[in-house]
Number of protein chains: 2
Amino acid sequence: MDKSICPRFEKAMSILSQRWTGLIIYQLLGGPQRFCSLESSIGVSGRVLSERLKDLENEGIVKREVFPETPVRIEYSLTDKGVALEPLMRDIENWSQNWI
Amino acid sequence: MDKSICPRFEKAMSILSQRWTGLIIYQLLGGPQRFCSLESSIGVSGRVLSERLKDLENEGIVKREVFPETPVRIEYSLTDKGVALEPLMRDIENWSQNWI
DNA sequence: ATAATAACTTACATAAAGTAAGTAACTATA
DNA sequence: TATAGTTACTTACTTTATGTAAGTTATTAT
């Protein structure tokens with residue numbers, strides 16, 4: 001091995017290349033969403049969605065807010081770090097329109 | 001399920017969010033590379049690299065060229081479709097510099 | 001004849017993701 | 001009071017994906 005790739009870039013890739021991460025972020029660009037809403041619009045299993053949201057929260061990309069209503073409402077949204085991924089998502093959008 | 005995500009976008013994501021795909025494309029932006037060179041610079045196993053390169057070839061993102069020298073030389077490079085991913089890779093680079 | 005090299009492939013083990021059922025906390029309905 | 005409904009999970013179990021290490025093919029060098 002003679003890794004010549006920037007560790008920051010690799011770290012970013014390791015986050016973004018996890019299954020479902022991109023779609024979760026893309027969905028949240030449209031505004032805050034609830035667990036079940038993400039689950040159904042993306043088509044990810046609850047088990048993995050739960051895991052991914054925790055990871056993204058730990059990375060400071062997603063924010064979790066609890067509203068103690070009945071039944072409880074929990075909203076997920078993007079932090080500034082998450083919103084900073086918008087240009088990237090737009091590039092994927094453009095590329096997919098031109099080449100897929 | 002009420003999928004509201006553009007199928008082209010989803011398809012693009014399913015390619016790009018596969019483990020190692022991003023790093024392979026990123027490395028090939030620097031020019032054609034051989035199998036063993038990709039293997040060592042990225043740190044992916046040969047088994048999976050082989051699988052990925054086939055997938056990317058099938059998607060028309062990567063081109064495989066055989067040079068019948070001794071020992072044989074095989075070079076992988078990006079097609080136009082692959083090169084079109086450069087802005088995206090630059091965005092990931094930028095984001096990682098600012099936020100990681 | 002043996003070893004070396006590149007580019008894979010195969011067999012087997014471990015890690016990640018999917019599926020379906022279960023839980024907690026509360027409310028609405030019978 | 002009991003039953004069922006709702007949201008946001010978690011748990012146990014199965015299937016798929018990836019890693020590891022050894023083997024294969026074709027060719028040249030020693």
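Order of the sequence lines sets the chain letters (A, B, ...), proteins ahead of strands, with each chain counted from 1.
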query: Would you say B/I25 and B/L78 make side-chain contact, with heavy atoms under 4.5 Å?
result: yes
query: In whole Å, what is the span from the CD atom of A/E39 to the C1' atom of D/dA8?
result: 9 Å
Distance, rounded to the nearest Å, where A/R73 contributes CZ and D/dT7 contributes C1': 12 Å
- prompt: Just wondering, more than 12 heavy atoms not from A/K63 lying within 6.0 Å of its NZ?
  reply: no
message: Ignoring hydrogens and geometry beyond distance, is a side-chain donor-acceptor pair present between B/Y26 and B/E93 at under 3.5 Å?
response: yes
- prompt: Which residue, B/R34 or B/K54, contacts DNA chain C at a nucleotide closer to its 5' end, judged by nearest heavy atom?
  reply: B/R34
message: Contact between A/I92 and B/M13 at the side-chain level, heavy atoms closer than 4.5 Å - yes or no?
response: yes
- request: Determine, for nucleotides 19-30 of chain D in 5'-to-3' order, which nucleotides have protein heavy atoms under 4.0 Å from the base (write B), from only the sugar-phosphate (write S), or from neither (write -).
  value: BB------SS--
field: Nearest-Å distance for atom pair CD/P, residues A/Q18 and D/dA17
entry: 16 Å
- prompt: Reckon A/F67 touches a base, only the sugar-phosphate, or nothing at all at heavy-atom distances under 4.0 Å?
  reply: nothing
query: Between B/W20 and B/L49, is any pair of side-chain heavy atoms under 4.5 Å apart?
result: no
- prompt: Would you call A/E51-A/R19 a salt bridge at under 4.0 Å N-O?
  reply: no
- prompt: Can you find a heavy atom in the side chain of B/V44 that is under 4.5 Å from one in the side chain of B/L23?
  reply: no
task: Identify the 5'-most and 3'-most nucleotides of DNA chain C with at least one atom closer than 4.0 Å to a non-hydrogen atom of chain A.
output: C/dA17 to C/dT27
- line: Rounded to whole Å, the CD-P distance (B/E51 to D/dT18) equals 6 Å
message: Using the side-chain contact (heavy atoms from CB on, under 4.5 Å) criterion, which residues pair with B/Q18? Sequence neighbours excluded.
response: B/T21, B/R52, B/D55
message: Tell me whether the side-chain N/O atoms of A/S50 come closer than 4.0 Å to OP1 or OP2 in D/dT10.
response: yes
